Amino acid sequence: MLLALSDRTDSYVQFVTVLLLFVFVLAVTAFVTKWIGGYQKGRSAGANMELMEALRLSNNKYVQIVRIGRKYLAVAVCKDTVTMLSEIPAEDLCFSEGSIGGAPGFKDVLTKIQKERILEKEDGRDE
């Protein structure tokens, strides 16, 4: 009886130890990923160049709006080439809030989904 109780206790201690190690490794991984992401963002962020928006045309073909200094340029990006299409006057561009600097952030997407859900509930379309 005492031997069975000791084996059970050892099993619980082993399980809790493995669980704590897993949580620790997960936390370290999250911290290091966030740190490396911030480091990379800091290295690539410049005051003079920024990708404003991109439209995918096919697997390896894009049209992008790029800000270089104070000018906005439309460029075609293909597998092996980059071609400038034209310069775009800044007043001709319209960016929605959160879209400047690339894709909208998670907070912007979540807010949009929440607003859509509220509108669905008010219209009585809640499923």
Side-chain angles (χ1 to χ4, degrees):
M1 179 76 177
L2 187 60
L3 186 61
L5 184 61
S6 176
D7 287 342
R8 181 179 279 173
T9 304
D10 287 344
S11 295
Y12 286 128
V13 169
Q14 251 184 343
F15 174 73
V16 169
T17 303
V18 169
L19 186 64
L20 288 174
L21 284 172
F22 174 73
V23 169
F24 174 74
V25 168
L26 198 62
V28 168
T29 303
F31 173 75
V32 169
T33 302
K34 193 169 206 153
W35 177 72
I36 288 175
Y39 176 75
Q40 289 293 337
K41 185 178 180 182
R43 285 189 65 188
S44 67
N48 294 310
M49 293 178 56
E50 183 178 12
L51 173 65
M52 303 305 291
E53 195 170 333
L55 173 68
R56 183 179 186 163
L57 300 175
S58 69
N59 271 349
N60 57 359
K61 296 179 181 167
Y62 298 88
V63 173
Q64 298 180 346
I65 298 174
V66 181
R67 180 185 59 81
I68 299 178
R70 292 188 182 126
K71 294 183 179 185
Y72 292 91
L73 306 172
V75 294
V77 180
C78 300
K79 182 178 179 184
D80 295 325
T81 61
V82 177
T83 307
M84 188 176 106
L85 300 175
S86 69
E87 185 175 336
I88 305 169
E91 55 273 359
D92 287 352
L93 296 173
C94 58
F95 293 105
S96 61
E97 187 176 324
S99 69
I100 295 176
F106 178 76
K107 185 177 180 180
D108 299 324
V109 173
L110 186 61
T111 303
K112 181 180 176 184
I113 291 171
Q114 287 174 337
K115 287 179 182 177
E116 288 174 0
R117 288 225 168 199
I118 290 170
L119 289 174
E120 285 177 1
K121 285 182 181 181
E122 288 175 356
D123 292 343
R125 294 182 293 172
D126 191 27
E127 298 171 3

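Residues: numbered from 1 along the sequence shown. Just so it is clear, the structure is predicted and the values come from calculations on it, not from any experiment.
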Within this structure, what is the [atom1]-[atom2] distance for the pair [X] and [Y], rounded to the nearest 0.5 Å?
X      : Y      : atom1 : atom2 : value
Glu116 : Gln114 : CD    : CD    : 11.0 Å
Lys121 : Leu119 : NZ    : CG    : 11.5 Å
Arg67  : Leu51  : CZ    : CG    : 11.0 Å
Ile65  : Ile88  : CD1   : CD1   : 4.5 Å

Do any side-chain atoms of residues 14-31 form donor-acceptor pairs under 3.5 angstrom with protein atoms, and if so which ones, sequence neighbours left out?
from	atom 1	to	atom 2	distance (Å)
Thr17	OG1	Val13	O	2.7
Thr29	OG1	Val25	O	2.7

Members sharing Val63's hydrophobic cluster (side chains within less than 4.5 Å): Leu55, Leu57, Leu85
Minimum heavy-atom distance between Tyr72 and Met52, given as atom pair plus value: CE2-CG, 3.9 Å
Using a 3.5 Å cut-off and no angle test, enumerate the donor-acceptor pairs between side-chain atoms of residues 74-83 and protein atoms at least two apart in sequence or in another chain.
none

Backbone of Asp10 reached by a side-chain donor or acceptor of Arg8 within 3.5 Å: no
